Amino acid sequence: QVQLVESGGGLVQAGSSLRLSCTTSGYTFSAYAMGWFRRPPRAEQEFVAAISHIGGTIYYADSVKGRFTILRDNAKNTVYLEMTSLRPEDTAVYYCARLSNARYSGRYYLQNRDKYDYWGQGTQVTVST
C-alpha cells in the first residue's frame, strides 16, 4: 500500500536550518508530483511547496520563497524540504503528500490540498525566538 513517512523535524532557534525528508513506498514515485503542507498551531493547513514528477516545475508559498527549497530524488523515492532562515512563524506540523492524479500539472492542482490523496503522518517543526 502507499505509504509516506516524514522525518527531520525538531526544535530549533530562529535563523537555523532543517531538512525534512519524506520517504515513500507502494507506488511509482517518479510518476507523481509531490507537495509539502503545514498546519501551524490554531490555524488551518496551508500550502508550502510542490514539485512536479521529474522536478521540472516547482511552486512555493510566498511566505517561504527564497528560504525553503523542495527537491526530490526519484532513485530514492524521497522528497525533501530544505528550510533555512527559520522563523517562529514557521512553527507547524509539516506534511508531505502525493498528488492524486499523475496527469495533473500546473499551479491550480499542485497548490490545492484537495488534489492530494495520500499524506504522511506529519513531523513537528518548532522554531524558538
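Keep in mind it's a predicted model, so treat the numbers as computed, not measured. Along the sequence shown, residues carry numbers from 1.
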Between [X] and [Y], is there a donor-acceptor pair closer than 3.5 Å when you use the side chain of the first and the backbone of the second?
{"X": "Ser63", "Y": "Ala61", "result": "no"}
{"X": "Tyr116", "Y": "Leu110", "result": "yes"}
{"X": "Arg72", "Y": "His53", "result": "yes"}
{"X": "Thr24", "Y": "Asn77", "result": "yes"}
{"X": "Asn112", "Y": "Tyr109", "result": "no"}
{"X": "Asn74", "Y": "Ala31", "result": "no"}
{"X": "Tyr59", "Y": "Arg107", "result": "yes"}
{"X": "Glu6", "Y": "Gln121", "result": "yes"}
{"X": "Thr123", "Y": "Gly9", "result": "yes"}

Q) Same cluster or not: are Ile58 and Met34 linked, directly or through other Ile, Leu, Val, Met, Phe, Trp or Tyr residues, by side-chain heavy atoms under 4.5 angstrom apart? A)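 Yes, because Ile58 and Met34 connect within a single hydrophobic cluster, where side-chain heavy atoms sit under 4.5 Å apart.
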
Q) Quick one: does Trp36's side chain get under 4.5 Å of Leu20's, heavy atoms only? A)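 SC-SC contact between Trp36 and Leu20 confirmed.
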
Q: Might you work through the salt bridge (charged side-chain N to carboxylate O under 4.0 Å, His left out) test for Arg38 and Glu46, ending with a clear yes or no?
A: CA-CA 5 Å; Arg38 66 186 182 186; Glu46 61 187 28; 2.6 Å; yes

Q | NZ or CZ of Arg113 within 45° of Tyr95 ring axis and under 6.0 Å | A |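 Cation-pi check for Arg113 and Tyr95: fails.
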
Q. Looking at the rings of Phe68 and Tyr60, which for Trp means the six-membered one, are their centres under 6.0 Å apart?
A.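 No, the ring of Phe68 stays outside the 6.0 Å limit from the ring of Tyr60, centre to centre.
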
Q. Is the gap between the ring centers of Phe47 and Phe37 under 6.0 Å?
A.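 Yes, the ring of Phe47 comes within the 6.0 Å limit of the ring of Phe37, centre to centre.
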
(Q) A quick test of your reading: do over 12 heavy atoms of other residues, nucleotides or ligands sit less than 6.0 Å from CD of Gln13? (A)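 No.
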
Q.
Does Tyr118, at its OH atom, have more than 12 non-hydrogen atoms belonging to other residues, nucleotides or ligands within less than 6.0 Å?
A.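 Incorrect, the count does not exceed 12.
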
Q: For the pair Lys65 and Asp62, evaluate salt bridge (charged side-chain N to carboxylate O under 4.0 Å, His left out) and give the outcome as yes or no after the intermediate values.
A: CA-CA 5 Å; Lys65 203 172 294 183; Asp62 288 343; 3.1 Å; yes

Q) What pair of heavy atoms forms the shortest contact from Asn101 to Arg103, and how long is it? A)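 Closest heavy-atom pair between Asn101 and Arg103: OD1-N, 2.8 Å.
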
